[in-house]
Each structure stands twice: as structure tokens, then as C-alpha cells.
Amino acid sequence: MTNPYIKDWTKEEIEEFLLTEELSYQQIDLGHGLTTTGESRSETFNAIFGHDLRGASVLDVGSYLGKFCLEAKSRGAGRVVGWEVDSDRIRQARTIAEICKKDVSYEQRDIETVEIGDQQFDLVLCLNLLHH
């Protein structure tokens, strides 16, 4: 069932988004035969998400454009949250999630100062983060 509050993006609108944003590093399928540039990362998905994600909660620390969050959602995860320090990346990830019609939450967080509080997750990803 499609959420009536989520915009349906046309091919032309997605093309404009791709032209006006720097969206490299993670290759994300945006529909209409359009993708962001970057690596596919499918081997990494299969290694990480090889088990059943149905209903699982997932946190991706350093989510960048949100590719792993979107993949977790596609594989049946329930609550999916991406943390990213860069506010521009958060804006882009939210737009991409809307284009892909995926219910993912992105929050601006710095792992050096963040307090997780009482939040709990079944799976926490921290990929390609420490060397940055």
C-alpha cells in the first residue's frame, strides 16, 4: 500500500535531483532506470544481511546517503534509523528515501558525542566509518 503523503517522483524530477546534488559513493536505484553514482555494495549486503531481517530494528551509524538503511528496509526490517554527522547528507538521504518510498528515519548525530539513551536495536552497522 502506498502512503498518500509521500510524493510520487517523476523521472524528470529525479533527473533534476541527480544533476543538482553530489551523490557519489553509494549506488542507489532511484527507479525509472536512474541511479546515483558509486559502488553497488551487493556483496557487502549479502554478507551483513544474510540472516532474516523481518521486523528487526536496524541502526546504521555513518549512514551517508542511506544505502544500507534502504537495503535493510527492502529485506523486511521494521524500524530503520541512519545516523550521519553531515546535515547535507541527511537531507539527501531523506530525499532518496522519499524517492524510493522507504520509511527510514535519518538523524544528525556525531558518534563522538551522541548518547544513545534507552534506544535498542537488533542490528547496529558501523561500516566505513572509523577510517574517516
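All heavy atoms count here, side chains included; hydrogens, waters and symmetry mates do not.
- When atom types are taken as modelled, the side chain of Glu84 and the backbone of Tyr64 share a donor-acceptor pair closer than 3.5 angstrom.
- Evaluated for a side-chain contact (heavy atoms from CB on, under 4.5 Å) with Ile28, the options Thr37, Leu65, Thr35, Leu23 yield exactly one hit, Leu65.
- Other residues, nucleotides and ligands contribute more than 12 heavy atoms inside 6.0 Å of the CD atom of Gln108.
- The line from CD1 of Ile14 to SG of Cys100 is 8.0 Å long, rounded to the nearest 0.5 Å.
- A pairwise comparison of heavy atoms in Phe121 and Val81 identifies CE2-CG2, 3.9 Å as the closest pair.
- Summarising the geometry, atom SG belonging to Cys126 is positioned 12.0 Å from atom CZ belonging to Phe68; distances are rounded to the nearest 0.5 Å.
- Within a 6.0 Å radius of CG in Asp86, more than 12 heavy atoms belonging to other residues, nucleotides or ligands are found.
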Exercise for review: For the pair Lys101 and Asp8, evaluate side chain to side chain contact (heavy atoms under 4.5 Å, CB included) and give the outcome as yes or no after the intermediate values.
Suggested key: CA-CA 8 Å; Lys101 295 184 175 147; Asp8 282 323; 2.3 Å; yes
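- Connection of Tyr25 to Ile96 is established within a shared hydrophobic cluster, with ILVMFWY side chains joined at heavy-atom distances below 4.5 Å, either directly or through further cluster members.
- Environment of CD in Gln119: crowded, with over 12 heavy atoms of neighbouring residues, nucleotides or ligands closer than 6.0 Å.
- By the criterion of side-chain heavy atoms lying less than 4.5 angstrom apart, applied directly or through intervening Ile, Leu, Val, Met, Phe, Trp or Tyr residues, Leu70 is grouped together with Phe45 in one hydrophobic cluster.
- When hydrophobic clusters are built by joining Ile, Leu, Val, Met, Phe, Trp and Tyr residues whose side-chain heavy atoms come closer than 4.5 Å, directly or via intermediates, Val85 is not grouped with Leu59.
- In this structure, Glu39 does not pair ionically with Lys67, as no charged nitrogen and carboxylate oxygen lie closer than 4.0 Å.
- Closest approach of Val80 and Ala77 over heavy atoms only: CG2-CB, 3.6 Å.
- A donor-acceptor pair is defined here as one N or O able to donate and one able to accept, closer than 3.5 Å; such a pair exists between the side chain of Arg94 and the backbone of Tyr106.
- Here the CD-CD distance, from Glu12 to Glu15, works out to 6.0 Å after rounding to the nearest 0.5 Å.
- The two residues Glu22 and Gln92 come nearest to each other via the heavy atoms O-NE2, 3.4 Å.
- Looking at Ser57, its side chain does come within 3.5 Å of a backbone N or O of Asp122 through a donor-acceptor pair.
- With values rounded to the nearest 0.5 angstrom, Trp9 atom CH2 is found 4.5 Å from Ile99 atom CD1.
- Across Ala93 and Gly66, no two heavy atoms sit closer than the pair CB-N, 4.4 Å.
- The main-chain N or O of Gln26 is found under 3.5 Å from a side-chain atom of Thr36 such that the two form a donor-acceptor pair.
- From Leu125, atom CG reaches atom SG of Cys69 across 7.5 Å, with rounding to the nearest 0.5 Å.
- Expressed to the nearest 0.5 Å, how far CD of Glu13 lies from NZ of Lys7 amounts to 3.5 Å.
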